[in-house]
Amino acid sequence: MKYQPVRGTHDIFGLEIDQYNIIVKKINELARIYNFKEIKTPIFESTELFSKPLGDQSDVVLKEMYTFLDRNKDSLTLRPEYTTPMIRAAISNNLLKQLPCKLYGIGSMFRRERPQKGRYRQFNQINFENFGSTDSFADVELILLANNFIKSILPHLNFKLYLNSLGDRETLNKYKKQLSNYLLKYKKELSEDSKDKIIKNPIRILDSKNKNDKDIISAAPAIIEFLSKDALNQFNEIKNILKNFNIKFEEKYSLVRGLDYYCHTVFEFKTEDLGTQDTIIGGGRYDGLVSLLGGNDISGVGWAGGVERIMMLMKKTLNENSEIHLAIIDEKFKSYGFEIYKFLTDNQIPVYWNYKYNLKKSLSISNTSKASFIIIIGEDEYNKKKCTIKNLKSGEQKMLHTSELINSIKNA
Ligand code: HAM
């Protein structure tokens, strides 16, 4: 029996693990610059932590959580997202004494969704949260961070930032009622999926992908018309700051996000290069979530990005294997070859030792794995205490002293 990864899960290796590590490195760099502190939380938490805050009518809670009973009958859930565990951890460890508290984390999330391109049941998220500030600049700072991250990791990507405000809780509840009333008029025409949500969760119908639903929604009341003066001012302030700092965005009143805890600013970074699962980063502000989880009544704002989706977009740019292979053409030169190997690895140059002692076999391995360089060691090289380096892409080769090897590789 040959085991395969469980449906919706995947192994990360080869080029993908390089991409994954590049993303992690970039995130750590940006987090240091913007002063967010890293936190790692357990992969499972008590089920309660998620069910109420994410919304008992949200798809995540209704259909997607991996929930199981522990041997002592406690209900546990593999984390479907990072915001609630981070708040739990900030409260458990007394990190909210000094505000604002800025945290970030990278790790696996679990949702039992229907797998498709860019949608997995176990996937990795980058997550940034800022707890304890209602300042519009906190929203802008996070948007700026996300924008900078995408631009630096995917410099050629065409992407768009969409922005909306959901107002405060009361406004949102008022809006939901109005929306339900409007949608009830079209009940017969709506998709089966949307029909179920008219009363319980009408705002989720706003991002339905069904063509008929979309037509009905296009004439639905927009949340912007319901915003209080304060909420509207806050939204305008954020838009003005973004404009002043040249961060391009588009207002999208149907943008509501999939989890229930949001209010005021919500945003998504999307690209057409991903297919249907087109959101790279999504986030927003949440009031009342920290207090719901047992903390003080403080606000928060944050976002999460899907690592696998970013990796899919990197694929187009990062497809070269920069490996250097060593080809020792006879066992007689093994020890000299090992000297070169040691010299390179001591100098932090990654190199692959294949134990073959045969040029033809070595070249075949290097070609199969699309290595960039091969360092050849034979009689001539051994006698002259040199080595030959061949660029496998251009075919160019030269014989060098070991001391020249590093510069030659670095400048290639
Ligand atoms: P979310 O929109 O559910 O938000 O997920 C954020 C990102 O995670 C998505 O935009 C997508 O890139 C990625 N993602 C989500 N589900 C999957 C999946 N099944 N497979 C692959 N990638 C996926 C949140 O999780 C919120 N906690 C974000 C947040 C943080 N809001 C405030 N702070």
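Model, not experiment: these values are computed from the prediction.
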| task | Tell me yes or no: between the side chains of S165 and T265, is some donor less than 3.5 Å from an acceptor? | result | no
| query | Is there side-chain contact between I310 and L154, with heavy atoms separated by less than 4.5 Å? | reply | yes
| K174 charged N/C atom sitting above F226 aromatic ring, 6.0 Å / 45° | no
| task | Measure across F269 and I143 and return the closest heavy-atom pair with its distance rounded to 0.1 Å. | result | CZ-O, 3.7 Å
| query | Rounded to the nearest 0.5 Å, how far does NZ of K214 lie from CD1 of I205? | reply | 15.0 Å
| query | Can you name the nearest heavy-atom pair linking Y175 to I203, along with the distance? | reply | CE2-CG2, 3.9 Å
| message | Would you say that Y162 contacts F267 through its side chain, given a criterion of any heavy-atom pair below 4.5 Å between the two side chains? | response | no
| message | Students often mix this up, so state it plainly: with edges at 30° and 60°, are the rings of W353 and Y357 parallel, tilted or perpendicular? | response | perpendicular
| query | So, N35 versus K37: side-chain donor-acceptor pair below 3.5 Å or not? | reply | yes
| task | Look at the rings of F36 and F128 and say which category their plane angle falls in: under 30° parallel, 30 to 60° tilted, over 60° perpendicular. | result | perpendicular
| query | Would you call E404 and K386 a salt bridge, using N to O less than 4.0 angstrom? | reply | no
| query | Checking R79 against Y82: charged group under 6.0 Å from the ring centre and within 45 degrees of the axis? | reply | yes
| said: Between T279 and G282 (side chain of the first, backbone of the second, donor and acceptor by atom type, cut-off under 3.5 Å), is there such a pair? | reply: no
| request: Identify the two heavy atoms, one from L103 and one from A90, that lie closest to each other, and give their separation to 0.1 Å. | output: CD1-CB, 4.3 Å
| query | Looking at Y120 versus H10, is the centre-to-centre ring distance below 6.0 Å? | reply | yes
| Between T388 and Q397, does any side-chain donor sit less than 3.5 Å from a side-chain acceptor? | no
| said: Less than 4.5 Å apart, side chain to side chain, heavy atoms only: is that true for Q122 and Y66? | reply: no
| request: Flag this pair as yes if the NZ/CZ of K185 is under 6.0 angstrom from the six-membered ring centre of Y182 and inside a 45 degree cone about the axis; otherwise no. | output: no
